[in-house]
Structure formats: C-alpha cells, structure tokens
**Q** 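Attaching a single structure in structure tokens format; questions to follow.
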Amino acid sequence: MQLNSDFYQQDVISVAKMLLGAILVRQFDDGTQLRLTISEVEAYKGEDDLGCHASKGRTPRTEIMYCQGGKVYVYLIYGMYWLLNVVTGHKDHPEAVLIRGSKEIYGPGKIGKALHLDKSFYGENLCTSKRIWIEKAINKPEKIYELPRVGIDYAGPHWSKVLWRFTTEEEKIRKK
DNA sequence: TCACGGATTCGT
DNA sequence: CGAATCCGTGAT
C-alpha cells in the first residue's frame with residue numbers, strides 16, 4: 001500500500017520512525033523495479049535546527065522543504081552524491097527525512113546512486129509519481145535505535161548531538 | 001563574479 | 001587521511 005499525503009503531513013520525527021521498514025520503490029524506464037527496505041533515517045526539523053538546510057531560511061534549494069509533506073528533496077553533496085530526503089509536515093514548516101540506508105543498500109550516497117537520482121527528482125510528488133514512491137511497512141521493526149545524526153558537527157554542540165537518527169540495524173550503529 | 005565547503009565514499 | 005567533483009550560498 002502506497003503511503004498517502006496525510007502520512008507525510010505528520011511531524012518529521014514520527015514520519016522518520018514510521019519510514020523504518022517501509023519499502024522505497026524506484027520504477028525505471030525499462031520497466032524494472034528496485035525495492036529497498038528502509039533501515040536508517042535522520043530527521044531535520046525547522047529553521048531553528050542548525051543541522052537542517054532550512055536553518056539558512058528560504059533559498060531556491062530549501063524552498064521545497066517549506067511545501068506540504070510528500071515531496072522529494074534531493075541535493076548534490078561533495079559534487080558526487082545525490083541524497084534523498086522526504087519532505088514532511090505542513091506548509092511553511094520546513095522539515096525533511098534523510099534516507100540514509102536500507103537493508104539491501106547502506107549509505108545515503110549509495111542509495112542515490114542505486115536509484116539513479118538527479119536534480120530532476122527535486123520536488124517529485126511521492127504520492128503521484130510513476131518513478132519513485134514509498135509503500136507502507138509490511139513488518140514493523142522490533143526495535144528502533146536512536147542516535148546522533150551523522151556529519152553535522154558544524155551544527156554546534158546541541159544540534160549535532162540530538163538523537164534524530166533512527167535505525168533498525170544494530171550492527172549499523174556507528175559513532176560519528 | 002569569486003571563493004568556500006559540504007547530511008559521502010573510496011582508496012592509500 | 002586525502003582526493004574526487006560541483007554547485008548553492010554568502011561575500012566582494
């Protein structure tokens with residue numbers, strides 16, 4: 001069952017946790033499908049969150065996060081990797097969930113590569129898209145581990161330590 | 001118009 | 001530990 005608009009409009013922390021175990025589906029032009037079971041995510045919430053790109057306010061890049069939940073936010077990092085984010089919450093409340101890993105493929109950069117993401121996915125509607133969407137979890141995770149987000153030391157002592165990384169894979173837990 | 005640096009990954 | 005590689009963002 002494909003997740004609907006109401007699902008994505010919930011708070012980013014709730015959506016992040018509920019996305020664990022959900023199936024990220026990529027339908028390619030040649031008819032093949034890549035189905036990934038989401039195993040690790042991170043929440044980015046509001047302009048106050050110094051780890052969130054929206055802490056810089058509205059810019060052409062962050063604009064999509066101010067939309068109603070259910071859209072895709074992708075951006076190029078280190079000139080090489082397209083990272084996949086799911087916009088959540090209500091209009092004018094910038095929030096997004098970063099998809100960091102799946103049972104099949106682990107690593108935000110690797111996910112983007114496997115899904116052949118590019119700038120054309122910016123703003124894609126996950127509720128109506130024919131090439132990317134997310135399906136409800138069949139099996140809910142037994143346990144959710146809460147950890148600090150990765151790679152945002154620049155966000156300062158508080159925001160870099162908030163436990164907004166959620167994972168189902170105990171063996172994938174790592175420092176920094 | 002310019003310089004900086006990043007929600008990463010891989011190889012040395 | 002450093003290179004790869006590019007563009008959004010803020011300063012000039």
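Please read these numbers as outputs of a predicted model, since none were measured by experiment. Chain letters run A, B, ... following the sequence lines, proteins first, then strands; residues in each count from 1.
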**Q** Applying side-chain hydrogen bond (donor to acceptor under 3.5 Å, both in side chains), which residue pairs with at least one partner in residues 20-36 of chain A are found, sequence neighbours left out?
**A** A:Q27-A:Q33, A:D30-A:T32, A:Q33-A:R35, A:R35-A:E135

**Q** When you measure from every atom of DNA chain C, which of residues 79-86 of chain A have a heavy atom less than 4.0 Å away?
**A** A:G79, A:M80

**Q** Which hydrophobic side chains are connected to A:V25, either touching it within the sub-4.5 Å cutoff or through other members that do?
**A** A:I23, A:W133

**Q** Could you summarise the pairing of DNA chain C as dot-bracket text, marking Watson-Crick and G-U pairs under 3.5 Å with ( ) or [ ] inside the strand and | across strands?
**A** ||||.||||||.

**Q** List the residues meeting side-chain contact (heavy atoms from CB on, under 4.5 Å) with A:L163, not counting sequence neighbours, and say none if there are none.
**A** A:E146, A:P148

**Q** Which residues pass the salt bridge (Lys or Arg N to Asp or Glu O under 4.0 Å) test with A:E47, not counting sequence neighbours?
**A** none

**Q** Taking 5' to 3' order, which nucleotide of DNA chain C is first and which is last to have an atom within less than 4.0 Å of a heavy atom in chain A?
**A** C:dA4 to C:dG10

**Q** Could you work out, with side-chain contact (heavy atoms from CB on, under 4.5 Å) as the rule, every residue matching A:Y154, not counting sequence neighbours?
**A** A:I152

**Q** Name all residues meeting the salt bridge (Lys or Arg N to Asp or Glu O under 4.0 Å) criterion together with A:D92; count only those two or more places apart in sequence or in a different chain, and write none if there are none.
**A** A:R58

**Q** Hey, is the side chain of A:K113 poking within less than 4.0 Å of OP1 or OP2 on B:dT9, counting only N and O atoms?
**A** no

**Q** So, using side-chain contact (heavy atoms from CB on, under 4.5 Å) as the criterion, who are the partners of A:L50 when residues are at least two apart?
**A** A:S55, A:A155, A:W159

**Q** Return a table of donor-acceptor pairs under 3.5 angstrom between the side chains of residues 67-91 of chain A and protein atoms on other chains or two or more places apart.
**A**
{"from": "A:Y73", "atom 1": "OH", "to": "A:H53", "atom 2": "ND1", "distance (Å)": "2.6"}
{"from": "A:N85", "atom 1": "ND2", "to": "A:Y73", "atom 2": "O", "distance (Å)": "3.2"}
{"from": "A:T88", "atom 1": "OG1", "to": "A:E95", "atom 2": "OE1", "distance (Å)": "2.9"}

**Q** What does A:G51 touch in the nucleic acid at a heavy-atom separation under 4.0 angstrom: a base, only the sugar-phosphate, or nothing?
**A** base

**Q** Going by side-chain contact (heavy atoms from CB on, under 4.5 Å), name the residues that satisfy it together with A:K136, two or more places apart in sequence or in a different chain.
**A** A:M1, A:L3

